Each structure stands twice: as C-alpha cells, then as structure tokens.
Amino acid sequence: MEFNLFGKVLKIESSQLDTRTQRAVGWQDEAISATSGFYNNISAKIASEISKVNFQHVQYKKTDNGIDTLTSKDGSDIDEVLNWKSKGHLNSIDFWSSVTKKLMRTKQVYLKPIFDKGGNLIDLLINEDDEVNTSETINLVSPFFVNQNTSILDSTLSSIATKLQQGRLKGQLKINGLIDTESDEFVKKAQNTLSQMQKIGSVNGLTVTDDKTEIKEFNNSYSVLNDEEIKLIKSELLSSYFMSEKILTGEASQEEQIYFYQSTIIPLLNQLEKELTYKLISSNKRRKIQGNLYYERIIIDNQLFKFASIQDMLNLYHENVNAPIFSVNEFRVLIGQEPLEGGDVYLTNLNSKVIKSFSELENEENIEEKEKK
C-alpha cells in the first residue's frame, strides 16, 4: 500500500514481523524493541492459557429423558497422548504451547496422529511435511489471521506504522509561496518541491534548492519513542487480541478476564474439541447410532465459571435451590461438572426436597393451602 504524506511516498507492507525472530522489520530500533517484546508477552499469555487446559476423553450414556450422563475414560490411549505424552517436545505443556505459537504465525497447523496396529493412539506430532493429507491430519485454522497472507498482527503493525508516521514531523520547509486556506494550491506546490528534492537526492544523496527555499530541521531527537507512541503500540496490539494490559500483569477484573477468554481462547478450544473428536475417535464410537447405548467425545473445560468467585458460585446455587430453573445435572454442566445418574431432578428449598417435575411444586403449594384452610 502506497500513499503520499507531506510529499513523501510511504510504503506499508504486510508480513512486517519476522516469524523466526518475532521482530518487526523496517522500523526504528526502539519501535522494533517495544513492539516485538510486547507481542511476545501477548503470544506467551495466549499459549499458556491453551497449554494448561485438560483434554477429557469421555463416554456418554444415552438417557430417554434429561441430559446424557458421562463417565471419564482417564487412562485411555487418547488421554495418555493428549495430556501426558511429550509428543516430540520437552513435555505435553511445551507441545501445546508450540502449537498455539505456531497458530499465531501461520494460517494452518496440521497435527499428525500416530496409531499402532491395533488402532490405539500412540503419539501426536506437528506435521512439518510439505505435502499434507488433510483427511488423516488434525487440521487447525488460526483464529489470528485476517486472510491467508495477513495475520491480525500484520494488520495491526501496518496500522501502528501509519499512525506513527502521520504524527511525526522532522522539520519545516520554507518555500516561495503563501499559505492559502481556501485551496490546495500551496499544498501541491510544497509536495512538488519535496518530490523534486527527493528525486534529485536519490542520485548521490545530495539535493538542491532555489535561493528562496529554506529547510529548518528540528533539533529534538526522535530516536526514542515517547510515552504516547508506546501507549499507541500497546493499545493497538492488545485490542487486536481482545486483551487489556492488566491481563498480562495479573490485575485484570473478572469482566476483563471473561472478555479475553471468551473472545480469544474459547474459539480455539472449540475448534480443538471438534477436530480431536472427529479425527481420534472412530465414527462408530463417536456417533449416536441407533441401538448403541454409549458414544464418546473429547471435551475441554472452557466454562467461564472458572473466573467466578466462591461467593458468586454459592449465591448462584442458593438462588437455584430457592427457585429451581435448572435440574441438578443442568446446573452441574453449567459449572463444568459431570452429570450424574439420577441427576435429572430439581431441588427446591423445602429443606432441599427432591422433585422430578415442576408439577410437583404446584401440588406442594396446593397441599399447603389446603392445610392452612
């Protein structure tokens, strides 16, 4: 993208971040340092959130009424590989962190599952091959890309570069002309003068001016970013990933944490759940086939209730017991717990009496009214 600014032709290109060094190319050293360092903090925060999740291999039992109950298949081949095995890295946490950081640099990441002769999963590796059979790999599409060639970071860096250039003056050019606020004649004359000076100077680094032209260069140094420019870089980068700076410093409020997690982390976790379930569990085990009592899934705990305080959870439970709008199992699913056998009932605060339907509440009220009469 090219545009003319104060007579200079500025060119902004995508892919301004070196994917190997994670440093912005073409900026002054201070801008490179501030941007690259801050971006690495953002990248590390997102990667750490993904790497510490637990992948649950579960088996659901179908029920005629209510929510299907589930049992954990801890210790299965899938559980062993997803949560415990190092998968070609230092450990499992390092593996998922590497996957996330790769998703922030490239549009697609392919994970290659390795099965033994019995069909058991024995390993999971990041596929680095040039040719990929996507029907056999776990295919992750980065949520951090605007399009195939431009990441959110690329777009943000272009925006920052444009704003930094627009807000910077290095000197004044005095030309033979009067400033006319009624037309663009003076602006055009100034731009033409600058353009000619740059064109002449491109030959050997020297340029010429007429005897009525004067260049006054500012004495202030612009080699160091000022506070406003640093705030601009931070604000642009953070907002691109739905973060506040307090997320990085550990001072974020409950609302700020939920907003970041819901906007940045959960979309990636949802994609992981679906792809891992689809590629690691056979269709016979995965689908609700007629006649089968059980089916399997891989689920990730992405409940936002993890950010709620204990007092918030107690208040919610207390309210639900007083006026039950959730069954026991519905409430357990809501807070990220497993449904239980016999849990498709409601609890109300008649000393937490068990009822099976709302109609029983009405019967209790009628009985109490009759007793009063």
Side-chain angles (χ1 to χ4, degrees), residues 12 14-19 21-25 27 30-54 93-109 140-147 150-164 167 225-273 300-309 312 336:
I12 303 296
S14 294
S15 301
Q16 294 187 18
L17 193 80
D18 188 308
T19 56
T21 63
Q22 295 297 295
R23 295 177 71 83
V25 178
W27 289 13
E30 290 79 11
I32 291 174
S33 178
T35 304
S36 302
F38 203 68
Y39 168 75
N40 283 334
N41 290 338
I42 293 173
S43 175
K45 175 61 179 177
I46 294 174
S48 68
E49 290 295 327
I50 301 298
S51 64
K52 66 187 180 184
V53 301
N54 183 52
I93 291 176
D94 184 41
F95 171 81
W96 290 113
S97 179
S98 296
V99 170
T100 306
K101 288 180 179 178
K102 191 175 179 66
L103 280 171
M104 298 189 75
R105 299 194 304 267
T106 57
K107 180 66 175 176
Q108 288 99 8
V109 173
L140 303 178
V141 179
S142 174
F144 308 114
F145 270 70
V146 178
N147 54 49
T150 306
S151 69
I152 288 176
L153 180 61
D154 292 329
S155 180
T156 304
L157 291 178
S158 295
S159 174
I160 294 172
T162 301
K163 291 177 180 178
L164 288 180
L225 293 176
N226 58 42
D227 290 341
E228 290 301 318
E229 289 173 328
I230 292 175
K231 287 180 181 179
L232 171 64
I233 290 175
K234 287 184 176 182
S235 175
E236 291 286 335
L237 286 175
L238 288 168
S239 62
S240 297
Y241 297 100
F242 304 99
M243 300 173 68
S244 70
E245 191 169 359
K246 291 181 179 179
I247 292 288
L248 298 179
T249 60
E251 303 171 319
S253 65
Q254 184 181 30
E255 290 76 15
E256 289 171 324
Q257 292 181 66
I258 290 175
Y259 178 67
F260 161 65
Y261 205 81
Q262 192 171 38
S263 302
T264 304
I265 304 301
I266 287 183
L268 188 51
L269 296 183
N270 287 341
Q271 183 185 180
L272 268 172
E273 272 190 349
I300 303 173
D301 178 19
N302 59 11
Q303 296 293 331
L304 295 177
F305 278 94
K306 66 177 66 179
F307 300 110
S309 66
D312 290 336

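Source: prediction; values computed, not measured.
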Original post:
When rounded to the nearest 0.5 angstrom, what is the spacing between CG in L272 and CD1 in I300?
Top reply: 5.0 Å

**OP:** Would you sort out whether K107 and V141 count as a side-chain contact (heavy atoms from CB on, under 4.5 Å), showing the intermediate values?
**Re:** CA-CA 6 Å; K107 180 66 175 176; V141 179; 4.0 Å; yes

Original post:
With a 3.5 Å cut-off and no angle check, do the side chains of S43 and N40 form a donor-acceptor pair?
Top reply: no

Original post:
So, for S51 and I93, which heavy atoms are closest and what is the spacing to 0.1 Å?
Top reply: CB-O, 3.5 Å

Original post:
For R105 and F145, which heavy atoms make the closest approach, and how far apart are they?
Top reply: O-CZ, 3.4 Å

Subject >> Side-chain (S48) to main-chain (K45) donor-acceptor, under 3.5 angstrom >> reply: yes

**OP:** Kindly compute the distance separating NZ (K234) from CG (L238), expressed to the nearest 0.5 Å.
**Re:** 8.5 Å

**OP:** To the nearest 0.5 Å, tell me how far Q271 CD sits from L103 CG.
**Re:** 7.5 Å

Original post:
Less than 4.5 Å apart, any side-chain heavy atom of L237 and any of L153?
Top reply: yes

Original post:
Does V53 reach the side chain of W96, with side-chain heavy atoms less than 4.5 Å apart?
Top reply: no

Original post:
Nearest heavy-atom pair of A47 and S97: which atoms, and what distance?
Top reply: CB-OG, 3.6 Å

Subject >> Spacing of Y241 atom OH and E236 atom CD [to the nearest 0.5 Å] >> reply: 12.0 Å

Original post:
Would you say K246 and F260 make side-chain contact, with heavy atoms under 4.5 Å?
Top reply: no

Original post:
Can you tell if the side chain of S244 reaches within under 4.5 Å of the side chain of I247, non-hydrogen atoms only?
Top reply: yes

Original post:
Taking D154 as the fixed residue, which of T150, T156, I152 is the one that meets the side-chain contact (heavy atoms from CB on, under 4.5 Å) rule?
Top reply: T150

Original post:
Can you name the closest pair of heavy atoms from F242 and S263 and give their distance?
Top reply: CG-CB, 3.5 Å

Original post:
How many angstroms lie between atom CD1 of I265 and atom CD1 of I258, to the nearest 0.5 angstrom?
Top reply: 14.0 Å

Original post:
Could you state the interatomic distance from CD1 (I233) to OG (S36), rounded to the nearest 0.5 Å?
Top reply: 9.5 Å

Subject >> Beyond-backbone contact of I230 with F38, side-chain heavy atoms, under 4.5 angstrom >> reply: no

